[in-house]
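Report on the structure given below.
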Amino acid sequence: MLKLQNMGLLVLAAAIPLIAVLPLPDFWITQLNYIGMYSMTVLGLVLLTGVGGLTSFGQAAFVGIGAYTTAWLTLNTGLSPWLTLFVGIGLTAASALVVGLITLRMSGHYLPLATIAWGLSLYYLMGNLDALGKYDGLLGIQSLSIGDFDLGQGRPFFVLTWVLLLAFAAGMLHLLDSRAGRAIRALKGGSQMAEAMGISTLRYKVTIFVLAAVLASVAGWLLAHFQRTVNPSAFGLKMGIEYLFMAVVGGVGHVWGAIVGAGLIRVLEDQLQVLLPKLIGTSGSYEVIVFGITLVMVLKYLPEGLWSLVGRHMPKRPRPVDWIHAAALPERPKPATNDLVLDVQAIRKEFGGLVAVNDIGFQIRAGQIVGLIGPNGAGKSTTFNLITGVLAATSGGVVFQGEAIAGKASREIARLGLARTFQHVKMIPEMTVLENVALGAHTRGHKGVLPAMLRANRQEEQRLFREAQRQLERIGMGEYLHELAGNLAMGPQRLMEIARALCVDPVLLLLDEPAAGLRHQEKQALADVLRQLKNEGMSILLVEHDMDLVMQICDHLVVMEFGTLLTQGPPAQVQQDPKVRAAYLGTEH
Ligand code: ADP
Ligand code: MG
């Protein structure tokens, strides 16, 4: 897959000089110039919406900030456009940061709505400020030039725009294939899993929002100097919707989809404006109707956009394994056998009137496997969520290696060395097993977005992949490295989650019903893995329904019923307890 992306970059890199010297009509060069500028904004949307799952109708407003900033500054202060580009980027980034920090905390439909409001207000602001020429805009903006060489029109502008676009596309591909990129790709599936791996999802959401805005801003800078005039209509809500439309049609999850979508819509719009009035006999913006229908068709029949038609036929090669000699990641100090690792102290959770967890207390010592069992609805998952910081306790405390963790966010708890899996497997199906597992090692790396885009993260990436491979091999998943996670059966999926949790370099592993949905053989394989981990000194809290499994491997059992602690002790003793038998026989057969 990687080689292929590089191939795309090479093709584009070869096409730019070729197109520049070919005797194409000027009309098509102009079209390509617009396509290049639009693609830049749409590229940001691919990252934000397609990869990150955050919908924005407000990208045109960011294009506007870039365009108006350079227009006003070059007209009024005489600053060079090459400087005002960076002023524009700064202003855009600052405003995106503010809008992002306010809106990205909210979930669901707030972001699209907020970006609509943002787009509208900026449109009216641009249209009503005297200094910005109101709805007439600003005229007489200078063309881009280096010395006496005019870069601002035709072929030179084409080369400038497309070289910039190529650089951004390369940066984006590199970003998506990196530590930061994997975190960004994890955003779409909800934040719970990423947070449990110690990732601050808000931080990555804000980052991609700002990055997408900056791409739009650079496009606005180009547009202002290309058209040599700016007015609000190019930056309003209609344009904001059109950008999103381009992204969806092209293939909102793929970098190359941005160019396909922008190109198609631009050409279509142009042809339809000529063709439709001839067909219908009157003029008007009828192309909007054709766009609407196209969008519905694409969403229905090609939800991954047009690029998926091409991408699907391209051969996918496994990632070359170049990390065999990479240095091992540092590991945190581990407790000595029998040290107290986790101390749950009279923890309580009430949901309204329901006491889901009623003053439960138990301890886990290093090297132990403790089973938390009980009939359905007993409060096991809730207890688990209280320990991992997914839920806040009503009262009581949790002490992990001497540190009180009740009330901390789940990503902070993960960073302390408490790693978990999920009752319902949470993974990124379109990433390979190796990449999914590398997500667990996120907090053990440091390289952010910029080093990733510039490919200055290779050493760290190799170390992360080496660790991911090591953990997969540790639990016998060595032959699945390059498999897409979505293609795995339930058993390997659950083992993959355990490998991912092991990448956190945990002191304590929390497994929520790891045997649920497994066949007998898979259960035995799981039991072997857990026993092996225990022999290696790992401490494990196992929430499990399967009594056989629990009896086989646990050192200590905590039994809950209706939120209350029924009993706890060694498995043999618990098994003989009449209360436990009654609880299980009463609710299960
Ligand atoms: P278990 O994992 O042992 O099957 P849970 O911890 O999921 O049990 O649930 C314990 C009790 O708490 C159940 O009665 C369940 O309906 C209730 N419960 C769990 N989560 C919530 C919630 N978010 N809001 C209200 N009630 C909940
Ligand atoms: Mg449960």
Side-chain angles (χ1 to χ4, degrees), residues 107-108 190-193 195-196 342 344-362 364 369-398 405-410 413 418-427 490-491 493-494 497-498 501 508-518 523 526 530 540-551 553-554 556-569 571 574-575 577 579-589:
S107 57
S191 56
Q192 220 188 37
M193 186 269 281
E195 293 275 332
L342 187 80
V344 180
Q345 301 165 337
I347 201 157
R348 183 180 191 84
K349 180 69 184 179
E350 298 172 9
F351 294 112
L354 175 82
V355 184
V357 176
N358 188 356
D359 300 338
I360 295 289
F362 60 90
I364 301 177
I369 301 187
V370 173
L372 180 58
I373 63 169
N376 252 330
K380 305 179 299 289
S381 287
T382 307
T383 304
F384 198 94
N385 286 333
L386 293 174
I387 297 170
T388 50
V390 173
L391 289 173
T394 309
S395 66
V398 182
I405 57 168
K408 283 191 194 292
S410 74
I413 294 175
L418 213 148
R420 67 169 294 178
T421 64
F422 293 86
Q423 183 171 345
H424 304 284
V425 174
K426 291 189 195 300
M427 55 175 189
M490 185 58 92
Q493 270 184 22
R494 291 206 180 272
E497 273 211 321
I498 295 176
L508 176 63
L509 199 57
L510 290 98
L511 309 176
D512 197 353
E513 302 212 14
L518 298 198
K523 270 183 196 168
L526 175 74
L530 296 185
I540 301 174
L541 174 64
L542 179 67
V543 171
E544 189 44 70
H545 218 73
D546 191 296
M547 287 300 278
D548 277 350
L549 182 74
V550 165
M551 290 296 164
I553 60 172
C554 288
H556 183 89
L557 289 183
V558 179
V559 190
M560 288 178 77
E561 189 191 24
F562 302 123
T564 318
L565 183 73
L566 204 58
T567 184
Q568 59 175 319
V574 165
Q575 201 173 19
D577 194 316
K579 280 182 295 182
V580 176
R581 301 188 141 222
Y584 270 86
L585 291 173
T587 54
E588 287 195 339
H589 25 265

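Just the heavy atoms: all of them, side chains too, but no hydrogens, waters or symmetry mates, feed the values below. All ligand and atom numbering here is 1-based and tracks the order in the structure.
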shortest atom 11 (C) of ligand 1-to-protein heavy-atom contact is with G377 O, 3.8 Å
Distance, nearest 0.5 Å, that separates CG of D577 from CG of L557: 11.0 Å
Find all atoms of ligand 1 within a distance of less than 4.0 Å from any non-hydrogen atom belonging to N376, and give their numbers and elements. 4 (O)
Is atom 16 (O) of ligand 1 close to the protein, meaning a heavy atom under 4.0 Å from it? no
Do any heavy atoms of G379 fall under 4.0 Å from ligand 1? yes
Please work out whether any backbone atom (N, CA, C, O) or any side-chain heavy atom from C-beta onward of V357 is under 4.0 Å from ligand 1, and answer side chain, backbone, both or neither. neither
Side-chain (E497) to main-chain (K426) donor-acceptor, under 3.5 angstrom: yes
Ligand-residue contact atoms, ligand 1 with A378, heavy atoms, under 4.0 Å: 1 (P), 3 (O), 8 (O)
Heavy atom to atom 9 (O) of ligand 1, shortest distance: which of L386, T382, V355, D512 holds it? T382
Got a second to check how far I413's CD1 is from L510's CG, nearest 0.5 Å? 10.0 Å
Protein heavy-atom partner closest to atom 14 (O) of ligand 1 - residue, atom, separation in Å: L354 CD2, 3.8 Å
I need the M560 CE to N358 CG distance, nearest 0.5 Å. 8.5 Å
If you measure every N or O of Q423 against every N or O of ligand 1, does any of those distances drop under 3.5 Å? no
Mind checking the CD-NE2 spacing from Q493 to H424? Nearest 0.5 Å is all I need. 13.0 Å
Using distance alone, decide if ligand 1 has a nitrogen or oxygen within less than 3.5 Å of any nitrogen or oxygen in F351. no
Tell me the angle that OG of S381 and OE1 of Q423 form around the Mg ion (ligand 2), rounded to 10°. 80°
Of the listed options (A356, S381, G352, P375), which comes nearest to atom 2 (O) of ligand 1 when hydrogens are ignored and any heavy atom counts? S381
Shortest non-hydrogen pair, R494 vs Q423, comes out as NH2-O, 3.0 Å
To check you understand the geometry: which heavy-atom pair defines the closest contact between T394 and K349, and what is its length? OG1-CA, 3.4 Å
Mind checking the CG-CZ spacing from L391 to F384? Nearest 0.5 Å is all I need. 12.0 Å
